[in-house]
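So that the names make sense, note that chain A is the first sequence line, chain B the second, and so on, each numbered from 1.
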Number of protein chains: 2
Amino acid sequence: MHAHAHHTRPDFAEAAQNALLDGFTLRELAKGYLLSTPACPRNQVLMVQSGRLRVYLADDNRELNLSFLEAGDIYTTHTPTYVEAVVPSSIWLIETPVFARKLATDPSVTPVMMRVMGRLLSNAVGLIEDLAFREVPARLARFLWQLAERRGHRLEHGWLVPLDFSMQDIASLLGTTRQSVSSLINQWEREGILQRQGRRSLLVPSLDTLKARGAPLP
Amino acid sequence: MHAHAHHTRPDFAEAAQNALLDGFTLRELAKGYLLSTPACPRNQVLMVQSGRLRVYLADDNRELNLSFLEAGDIYTTHTPTYVEAVVPSSIWLIETPVFARKLATDPSVTPVMMRVMGRLLSNAVGLIEDLAFREVPARLARFLWQLAERRGHRLEHGWLVPLDFSMQDIASLLGTTRQSVSSLINQWEREGILQRQGRRSLLVPSLDTLKARGAPLP
DNA sequence: CGCTGTCCGTCGGCCAGCCGACGTTTTGCC
DNA sequence: GGCAAAACGTCGGCTGGCCGACGGACAGCG
């Protein structure tokens, strides 16, 4: 749900066709650069060309990742969040007023934007459901099998899932702590639900047993 | 934040001017009517003419209110939620495909929709912040003073705040339980932070002391 | 005016999971 | 290779607040 929005690739293609990017400017961001904060809400629309941005909320002693943006993803800072480049990145950027004029003159842009905002909204609602209804093991299980389904490669032994997030990243994405994620993953490894495969990937023998962790009762 | 979106009134006025409602049909809903569920995602856009609708998420044994819609509020079921009339209501309704055509032909509608979705997104993010960062007393305090600021009437003794929600409603809005809300309100009454005034309103002597409950440490 | 349904107040047990702490392993960098 | 910094594993204490339970207060209705 709130893992990646890399299914925006179609939009990217469409955007290129429609010359959506007219008026956007290309910017290079250094690692760690804070593009936007709630305090300074520079309203803008952006599309990631390369790299990885982290969208997150924060209070004094905690952070919650809303999502990670990667190549092709579109985002708009309509909402008071932090946006930070976690690796050197390059993005297409436009200020909202300029974009609004574009919207007014070129109606073909509208459906793209509606879809982008719809997706942001779905992500947000999904996260709310997680926080309000599901407990940590269920959230983690869901995160993992969604990752497997969209990023994983099928092998004879099961699914090989690339995992280029730190435990802390995952924890923040799920609204929990590093310790809880770590414990759960190790416990599941002992139970044979998954195996560590090198440092940056997992092997999941059966997605179904993993999914079973997402729905305790039935 | 996620209390009411009744500040959509300006949109309503604007909508009337632009004849936004062309193509919408007026519908009367009986109390308790379920307009939409996640299972049957009838994509539609609606504007409330009168009454009150409840937008909520649910799992098997819990419900979470996302917001209450009242006269003038606009909503779109882009996202898998329940929408229910809690009192007899009448609303303007349009199916998304029809609305999309409208958007394509009349670009003046676009900014209105963008603002509506932006507001939904802000609500959602606010709720996420609450669930992830703040504990129950802080959420309740914030809910109450926001209600006071937008609905309350200034008296010599303090603010008179109409409270036409049940404890259960408030609890669901804040992602907590009836019991917790009840305990807190009564405790605060004992502490003199607020007084019950009749059955359906509160008297808050000082909003600031109430707000103090929203930020424990400093 | 009793009856029934809805709402409110309060108590106590219980537990998920946060938090601090500390040691170990990996990674990145000179 | 060697060192600092980051990331990971694990343990135990502590607690916010959920949950069930039960009784009282209102309100509507026949």
Side-chain angles (χ1 to χ4, degrees), chain A residues 31-32 54 58-65 86-88 130-141 143-144 163-191 194-202 213-214 216-217, chain B residues 31-32 54 58-65 86-87 130-141 143-144 163-191 193-202 213-214 216-217:
Chain A
K31 169 179 175 179
R54 181 169 71 107
D59 83 339
D60 298 326
N61 40 349
R62 195 182 306 212
E63 296 186 353
L64 182 77
N65 296 338
V86 291
V87 297
D130 264 8
L131 292 174
F133 298 144
R134 290 186 258 283
E135 26 197 70
V136 174
R139 292 182 230 166
L140 180 58
F143 170 78
L144 289 179
L163 191 66
D164 44 356
F165 297 98
S166 73
M167 300 257 168
Q168 181 62 67
D169 285 341
I170 298 174
S172 283
L173 216 33
L174 302 178
T176 180
T177 59
R178 182 187 69 77
Q179 291 97 315
S180 299
V181 171
S182 174
S183 305
L184 278 171
I185 287 188
N186 282 76
Q187 181 184 333
W188 289 351
E189 181 161 27
R190 271 175 245 122
E191 295 178 21
L194 46 80
Q195 300 165 226
R196 210 79 40 109
Q197 205 77 0
R199 199 58 184 179
R200 298 205 97 44
S201 59
L202 290 176
R213 296 279 155 165
L217 293 185
Chain B
K31 170 179 174 176
R54 180 170 70 107
D59 83 339
D60 299 326
N61 40 350
R62 196 183 304 213
E63 295 186 354
L64 181 77
N65 296 337
V86 291
V87 298
D130 265 8
L131 291 174
F133 297 144
R134 290 186 258 282
E135 26 196 69
V136 173
R139 292 182 230 167
L140 179 58
F143 171 77
L144 289 179
L163 192 67
D164 44 354
F165 296 98
S166 74
M167 300 260 168
Q168 180 63 68
D169 284 340
I170 299 175
S172 282
L173 215 33
L174 302 180
T176 179
T177 61
R178 182 187 70 74
Q179 292 97 315
S180 299
V181 171
S182 174
S183 305
L184 278 170
I185 287 188
N186 281 76
Q187 181 184 333
W188 289 351
E189 181 161 27
R190 271 177 245 122
E191 295 178 20
I193 294 176
L194 47 80
Q195 299 165 227
R196 210 81 39 110
Q197 206 75 2
R199 201 60 182 176
R200 299 205 98 42
S201 58
L202 290 177
R213 295 279 156 165
L217 293 187

Would you please confirm or rule out a distance under 4.0 Å between OP1 or OP2 of [N] and any side-chain N or O of [X]?
X         : N       : value
Arg196(B) : dG9(C)  : yes
Thr177(A) : dC18(C) : yes
Ser166(A) : dA6(D)  : no
Asn186(A) : dC8(D)  : no
Ser180(B) : dC18(D) : yes
Arg190(B) : dT10(C) : yes
Arg178(B) : dT6(C)  : no

### Task
With heavy atoms under 4.0 Å as the rule, sort Arg62(B) into base, sugar-phosphate or nothing.
sugar-phosphate
### Task
Assign Arg139(A) to base, sugar-phosphate, or nothing according to its heavy-atom contacts below 4.0 angstrom with the strands shown.
nothing
Distance in angstrom units between [X] [atom1] and [N] [atom2], rounded:
X         : N       : atom1 : atom2 : value
Gln179(B) : dC7(C)  : CD    : C1'   : 12 Å
Gln168(A) : dA5(D)  : CD    : C1'   : 15 Å
Met167(A) : dC19(C) : CE    : P     : 19 Å
Asp60(B)  : dC18(D) : CG    : P     : 18 Å
Ile185(B) : dT10(C) : CD1   : P     : 12 Å
Arg200(B) : dC7(C)  : CZ    : C1'   : 10 Å
Asp164(B) : dC7(C)  : CG    : P     : 14 Å
Lys31(B)  : dG28(D) : NZ    : P     : 11 Å

### Message
From the set dT10(C), dC8(C), dG9(D), return the single nucleotide nearest to any side-chain atom of Ser182(A).
### Response
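Out of dT10(C), dC8(C), dG9(D), the nucleotide with an atom closest to Ser182(A)'s side chain is dG9(D).
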### Message
Quick check for you: among dG17(C), dC8(C), dT10(D), whose closest atom lies nearest to any side-chain atom of Val136(A)?
### Response
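The closest nucleotide is dG17(C).
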### Message
Nearest 0.5 Å, please: how far is CZ in Phe143(A) from CG in Asp130(A)?
### Response
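Here the interatomic distance stands at 11.5 Å.
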Any side-chain heavy atom of [X] sitting closer than 4.5 Å to one from [Y]?
X         : Y         : answer
Leu202(A) : Arg196(A) : yes
Glu189(A) : Leu194(A) : yes
Ile170(A) : Arg139(A) : no

### Message
Under the side-chain contact (heavy atoms from CB on, under 4.5 Å) test against Thr176(B), which residue among Leu140(B), Leu64(B), Leu131(B), Val181(B) passes?
### Response
Val181(B)
